[in-house]
Amino acid sequence: MKYAFTEIEKKWQGRWEEEKSFKASEDPTKKKFYGLIEFPYPSGEGLHVGHPRPYTAMDIIARKRRMEGYSVLFPIGFDAFGLPTENYAIKHKVHPAEVTKKNIARFTSQLKMLGYSFDWDRVVDTTDPAYYKWTQWIFLKMFEKGLAYKATMPVNWCTSCKCVLANEEVVDGVCERCGSPVVRKEKSQWMLKITAYAQRLLDDLDDLDYIDRVKVQQRNWIGRSTGAEVNFDTTAGDKLKIYTTRPDTLFGATYMVVSPEHPILKKWESLLTNLDAVKAYQAEAARKSDFERTELAKEKTGVKLEGVMAINPVNGVEIPIFISDYVLASYGTGAIMAVPGHDERDWDFAKAMDLPIIEVVAGGNVEEAAFTDIATGTMVNSGFLDGLSVEEAKKRIITWLTDHKIGESKVNFKLRDWVFSRQRYWGEPIPIVHCDCCGYVAVPESELPLRLPEVENYETTDTGESPLSVMTEWINTTCPKCGGPAKRETDTMPQWAGSSWYFLRYTDPRNNQALASEEALKYWTPVDWYNGGMEHTTLHLLYSRFWHKFLYDLGVVPTKEPYAKRTSHGMILGEDGVKMSKSRGNVINPNDIVDEFGADTLRLYIMFIGDFEKAATWSSNAVKGCKRFLDRVWALGEEKIPGDDSLSKENEALIHRTIKKVSEDIEAMKFNTAIAALMSMLNEFGAHKPSRGDLKALLTLLCPFAPHIVEELWERQGFEGLASTAAWPVYDESKMVEDTISLAVQVSGKVRAQITVAADASDDEVVAAAMAEPRIAKIFENMTLIKSIVVKKRLVNLIGKPN
RNA sequence: GCCGGUGUGGCGGAAUUGGCAGACGCAAGGGACUUAAAAUCCCUCGCUGGCAACAGCGUACCGGUUCGAUCCCGGUCACCGGCACCA
């Protein structure tokens, strides 16, 4: 009979659900494994064929761990706050909660259709007040510790979402989500002090088992640099503080630059004789979006401040000060000393403004280009630093600056604090009230969750305020501190809030006394293996590490890092080789594949498609290959094979080799070659008909990949229990080798023949056998053997010399 | 510009990291079964020459080390990803 996948898959999904086969339990007698995938945003489009790639991968690992005897936690949930739902709600005049409910139901049925071994009793939903109560609680703890603060500053404003964005959400000067231009806007925002954890977020990466590119990207994003802060006296009688990574080049500083937003400019207004020109430049800089500012990066512009000069502390020389937008207000001190001889940007500016260039590190030609090589240069024109290497000069000058109380060594980070407010409805309300006499006051913990009120309209106001800002009866409240009138915060949290700690909630999802119990956290955390997309490296992954470290400091979680291991998958591209998108019409819906070929085939193909870490192009044709493989497995096991469960002599070595290959490949996420090994095994079964035990081995190895068909055949063969809870097979190295092996015979590195020898043949025997082979003997008719190299179990290489 | 990665048949991709290049799958061609098609099964399948045995060439390109290089070293080119005026 044909393999009736539709009924069979339904049947086993039902059984697993009924018997709660994949329920996680805190069994102290077992080793635990916590496997995690990034929970989906339940969009209106439903699952597309990209989702199953990471899900199936971790499902395979989780299933293998269970078979290996671990107590496994493999949970799923929904990251359901977010803009698309809100926009849909606005357009169709429905409550976002309704939309969310519908979308979650759809996602749930699709995920169940694919046979994942999730513990469905632990589903979390970030929009559930019982969940976001704890998101708010964590925020209040941060507020209490001074890590959540309100600041008025220029922020990234998406013109289309009408909402502020975190730095991490701005990509190439446009909104990461919608692609609309991002402009700078002064706004009062809630901020989280992630910078307080910058050093620890960097240092602790060393001990984590993350793939390198994730570590590199996070290090890059945190952007630690070491240098010095130096105070320059000015003719205005005050000081200008700058940050530099090259204090060694101080003698080469020929001018200073401050950013257009630098506060000292206000102070100096009365001294500036060209105030109009300065103000005009400031206004122009403010008008530019981030995008324009970086786009126009090639041409340096600026205005000299007439009326104030700076004094170089090492030699007393007066040097001019400029304002220019190539200096950023938000990094370092917002001011620099310019050393055009040894910094490319300063060199460009000096050339544009016709400023002098002094060489202080010999080794290049500063008239041609800035010389920035710090490894080979020698200090010149630098007084007491002359003759030193750059490295030595740095140390010497920092000591000198410190001794003279002019400056000190300083570490800076590119990482900025996290803009945490969003002017949107569909997010967690920020549990803070503002009181005229007490300032910002936390909503008492007993009042959590602070629920989202019902509103008429979900649209952001024209002035860019949250939809909650028109809810006067909700906004007006009393101050928890003094009892006087107070107003609630109307901004909500960003989508990244709920996902920053969801993996903790899975350990104890229904707890209403704590975000999770101490015992559950102690048993399950840290997450042993977290697989997710590279696009979250500097967003979700970094944010959640930050929150976790904060909770660790509070004593709430037992580990300093949330995830012991992080891996990443490549994207699934459409058949045309480009990213799947609705507008392109190249989206593959998993339901269609499941209807035509079954869930097992989809699971198998999505893992066989190529290198897990790299992008892969979908091929409707190639899916058939996986279906054919399963059909052949079905044909083999459909009828009960008589006999016991022992391995046949003929297939024993093959089976042990395959167990090793599949076991190791799953651990290395080389699913494509694991499946290839299973296909090879089946092909070999063509030569030697498998025994009942041989088939059992194949089914056990195939179970994590294609669990439905395996369960059905398992039952038909009368094997005990569920295949999903059977023991993972163990290989025996001694049983992997055949009695005789085939070796390649090379002559001077070129393969000329094959010989068959006993597996334990000595080198001399191998060479003798090779020389006896007719073709080799012929070649050596006119040659003398001068050297032979035998590589055990692989080949023998014979080197000869003409007679 | 800086950092990271990749380059192998018609295609997706293998190769225990120095040991038989192209596993496994797709596509293609031929054959069997069939009234026919689909499905299934068998064979061929890197390029060139040859009926064949076989020989030569071949892992982006040029060179090196080695008995032996897809893998190591030096150089060149192409593509992809991340960061980007961070002083």
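The structure displayed is predicted, hence computed values, not measured ones. First the proteins, then the strands, lettered A, B, ... as listed; each starts at 1. Just so you know, these numbers use all the heavy atoms, side chains as well, and skip hydrogens, waters and symmetry mates.
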Undergrad: For B:rG68, does either OP1 or OP2 sit under 4.0 Å from a side-chain N or O belonging to A:S748?
TA: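 No, because none of the side-chain N or O atoms of A:S748 sits under 4.0 Å from OP1 or OP2 of B:rG68.
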
Undergrad: Would you tell me if any nitrogen or oxygen in the side chain of A:Y326 comes within less than 4.0 Å of OP1 or OP2 on B:rA87?
TA: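 No, because none of the side-chain N or O atoms of A:Y326 sits under 4.0 Å from OP1 or OP2 of B:rA87.
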
Undergrad: Which of these nucleotides, B:rA23, B:rA87, B:rC67, is closest to any side-chain atom of A:D343?
TA: B:rA87

Undergrad: Would one find more than 12 heavy atoms of other residues, nucleotides or ligands at under 6.0 Å from atom CD of A:E596?
TA: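 Atom CD in A:E596 is not packed in, count stays at 12 or less.
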
Undergrad: Round to a whole Å and report the spacing from CE of A:M669 to C1' of B:rG13.
TA: 18 Å

Undergrad: Among B:rG19, B:rC67, B:rG82, which nucleotide sits nearest the side chain of A:K787?
TA: B:rC67

Undergrad: Let me spell it out: for each of A:R416 and A:R213, pick the nucleotide of RNA chain B with the closest heavy atom. Which residue's pick is nearer the 5' end?
TA: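 Closest to the 5' end, via its nearest nucleotide, is A:R213.
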
Undergrad: Which listed nucleotide (B:rA23, B:rU6, B:rC85) is nearest to the side chain of A:D325?
TA: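 Looking only at side-chain atoms, A:D325 lies closest to B:rC85.
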
Undergrad: Side chain of A:R628, heavy atoms from C-beta onward: which of B:rA23, B:rC20, B:rC26 has the nearest atom to it?
TA: B:rC26

Undergrad: Apply the test side-chain hydrogen bond (donor to acceptor under 3.5 Å, both in side chains) to residues A:S734 and A:D732: give CA-CA distance (whole Å), side-chain angles for both, the deciding distance (0.1 Å), then the verdict.
TA: CA-CA 5 Å; A:S734 70; A:D732 181 342; 2.7 Å; yes

Undergrad: Taking CD from A:E613 and C1' from B:rG81, how many angstroms apart are they, rounded to a whole number?
TA: 13 Å

Undergrad: Under the 6.0 Å and 45° cation-pi test, does A:K627 pair with A:F597?
TA: no

Undergrad: Looking only at atom C1', what distance separates B:rU66 and B:rC72, rounded to whole Å?
TA: 10 Å

Undergrad: Please work out if A:N683 contacts a base, only the sugar-phosphate, or nothing of the nucleic acid, heavy-atom cut-off 4.0 Å.
TA: sugar-phosphate

Undergrad: Write down the atom of A:M379, the atom of A:A393, and the distance for their closest heavy-atom approach.
TA: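 Closest pair (atom of A:M379, atom of A:A393, distance): CG-CB, 3.5 Å.
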
Undergrad: Using atom CD1 of A:I675 as one end and atom P of B:rC26 as the other, report the distance to the nearest whole Å.
TA: 13 Å

Undergrad: Mind checking the P distance from B:rG68 to B:rC57? Whole angstroms is fine.
TA: 14 Å

Undergrad: If you measure from the C1' atom in B:rU70 to the same atom in B:rA23, how many Å do you get, rounded?
TA: 15 Å

Undergrad: Could you work out the separation of B:rG31 and B:rU48 based on their P atoms and round it to a whole Å?
TA: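 Taking atom P in both B:rG31 and B:rU48, they lie 22 Å apart.
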
Undergrad: Measure from the side chain of A:F608, starting at C-beta and using heavy atoms only, and say which of B:rG19, B:rA23, B:rC24 lies closest.
TA: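 For the A:F608 side chain, the nearest candidate turns out to be B:rC24.
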
Undergrad: Would you call A:R219 and A:D206 a salt bridge, taking side-chain N to carboxylate O under 4.0 Å as the test?
TA: yes

Undergrad: May I have the distance from A:I776 (atom CD1) to B:rC20 (atom P), rounded to whole angstrom?
TA: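 These atoms are roughly 16 Å apart.
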
Undergrad: Using the purine O4'-C1'-N9-C4 or pyrimidine O4'-C1'-N1-C2 torsion, is B:rU59 syn (within 90° of 0) or anti?
TA: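 Because its glycosidic torsion lies more than 90° from 0, B:rU59 adopts the anti conformation.
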
Undergrad: Side chain to side chain contact (heavy atoms under 4.5 Å, CB included), that's the test. Do A:H262 and A:L240 meet it? Break it down for me.
TA: CA-CA 11 Å; A:H262 200 287; A:L240 180 58; 4.2 Å; yes

Undergrad: I want to verify a distance call: between B:rA87, B:rC20, B:rA14, whose nearest atom is closest to the A:L328 side chain?
TA: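 Minimum distance to the A:L328 side chain belongs to B:rA87.
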
Undergrad: Roughly how far apart, to the nearest Å, are B:rC73 and B:rU65 at atom P?
TA: 16 Å

Undergrad: Using a 4.0 Å heavy-atom cut-off across all strands, classify A:T244 as base, sugar-phosphate, or nothing.
TA: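 Sugar-phosphate: the residue A:T244, judged by heavy atoms under 4.0 Å, touches backbone atoms but no base.
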
Undergrad: Does B:rG63 count as syn, meaning its glycosidic angle lies within 90° of 0, or as anti?
TA: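 Classified anti.
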
Undergrad: Is the base of B:rC26 touched by the side chain of A:N621 through a donor-acceptor pair closer than 3.5 angstrom?
TA: no

Undergrad: Got a donor-acceptor pair under 3.5 Å from the side chain of A:K300 to the base of B:rC85?
TA: yes

Undergrad: Measure from the side chain of A:V216, starting at C-beta and using heavy atoms only, and say which of B:rC67, B:rA87, B:rC3 lies closest.
TA: B:rC3

Undergrad: Quick one: does any side-chain atom of A:H342 pair with a main-chain N or O of A:A370 as donor and acceptor, under 3.5 Å?
TA: no

Undergrad: Does A:N672 have a side-chain nitrogen or oxygen under 4.0 Å from the phosphate oxygens OP1 or OP2 of B:rA14?
TA: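 Result: yes.
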
Undergrad: Using atom CZ of A:F612 as one end and atom C1' of B:rC24 as the other, report the distance to the nearest whole Å.
TA: 19 Å

Undergrad: How is the base pairing of RNA chain B summarised as a dot-bracket string, given the Watson-Crick and G-U wobble criteria with both distances under 3.5 Å, [ ] for crossing and | for another strand?
TA: (((((((..(((......[....))).(((((.......))))).((((....))))..(((((..]....))))))))))))....

Undergrad: Go through it in stages, so that I can follow the logic: the residues are A:S620 and A:E575, the test is side-chain hydrogen bond (donor to acceptor under 3.5 Å, both in side chains), and I'd like the CA-CA distance, side-chain angles, deciding distance and then a yes or no.
TA: CA-CA 8 Å; A:S620 292; A:E575 295 227 61; 2.7 Å; yes

Undergrad: Using a 4.0 Å cut-off on protein heavy atoms (strictly under), produce a 5'-to-3' string for nucleotides 42-58 of chain B with B for base contact, S for backbone-only sugar-phosphate contact, and - for none.
TA: ------------SSSS-

Undergrad: Which part of the nucleic acid, if any, lies within reach of A:K793 when heavy atoms closer than 4.0 Å are counted: base, sugar-phosphate only, or nothing?
TA: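 Since no nucleic acid heavy atom lies under 4.0 Å of A:K793, the category is nothing.
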
Undergrad: Would you mind reading off the distance between A:L678 atom CG and B:rG25 atom C1', rounded to a whole angstrom?
TA: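 Value for this atom pair: 13 Å.
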
Undergrad: Base, sugar-phosphate, or nothing: which does A:S742 touch, judged by heavy atoms less than 4.0 Å apart?
TA: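 Answer is base: heavy atoms of A:S742 come under 4.0 Å of a base.
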
Undergrad: Would you measure the distance from the C1' atom in B:rU34 across to the matching atom in B:rA38 and give it in whole Å?
TA: 11 Å

Undergrad: With side-chain hydrogen bond (donor to acceptor under 3.5 Å, both in side chains) as the criterion, how do A:Y731 and A:T658 come out once you've worked through the C-alpha distance, each side chain's angles and the decisive distance to 0.1 Å?
TA: CA-CA 9 Å; A:Y731 62 88; A:T658 309; over 6 Å; no

Undergrad: Hey, does A:N412 reach any base, or is it just sugar-phosphate, or nothing, if we go heavy atoms under 4.0 Å?
TA: nothing

Undergrad: Between A:K351 and A:D346, does the salt bridge (Lys or Arg N to Asp or Glu O under 4.0 Å) criterion hold? Intermediate values first, please.
TA: CA-CA 8 Å; A:K351 282 290 170 190; A:D346 296 345; over 6 Å; no

Undergrad: Considering only the C1' atoms, how many Å lie between B:rA78 and B:rC24, rounded to the nearest integer?
TA: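 Those two atoms are separated by 29 Å.
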
Undergrad: Closer than 3.5 angstrom, by distance alone: can the side chain of A:S568 be matched with the main-chain N or O of A:M534 as a donor-acceptor pair?
TA: yes

Undergrad: What is the nucleic acid contact for A:Q754, judged by heavy atoms within less than 4.0 Å: base, sugar-phosphate only, or nothing?
TA: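 Base contact.
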
Undergrad: Give one of base, sugar-phosphate or nothing for A:I609, where a contact means two heavy atoms less than 4.0 Å apart.
TA: sugar-phosphate

Undergrad: Grab the CD1-P distance between A:I374 and B:rA87 for me, whole Å please.
TA: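 Rounded to the whole Å, the gap is 12 Å.
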
Undergrad: A:R632 side chain: which of B:rC41, B:rC20, B:rC24 is closest?
TA: B:rC41

Undergrad: A:S680 has a side chain; which of B:rC67, B:rA23, B:rA14 sits nearest to it?
TA: B:rA23

Undergrad: Write down the distance between CH2 (A:W347) and P (B:rG1), rounded to a whole number of angstrom.
TA: 15 Å

Undergrad: Using side-chain hydrogen bond (donor to acceptor under 3.5 Å, both in side chains), reason through A:S225 and A:Y243 one step at a time and then give a plain yes or no.
TA: CA-CA 11 Å; A:S225 76; A:Y243 172 71; 2.8 Å; yes

Undergrad: For atom P, what is the distance between B:rA21 and B:rC26, given to the nearest Å?
TA: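 Per the computed distance, 25 Å lies between those P atoms.
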
Undergrad: Verify the neighbour count for atom CD1 of A:I789: are there more than 12 heavy atoms of other residues, nucleotides or ligands below 6.0 Å?
TA: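 For A:I789, atom CD1 is crowded (more than 12 foreign heavy atoms under 6.0 Å).
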
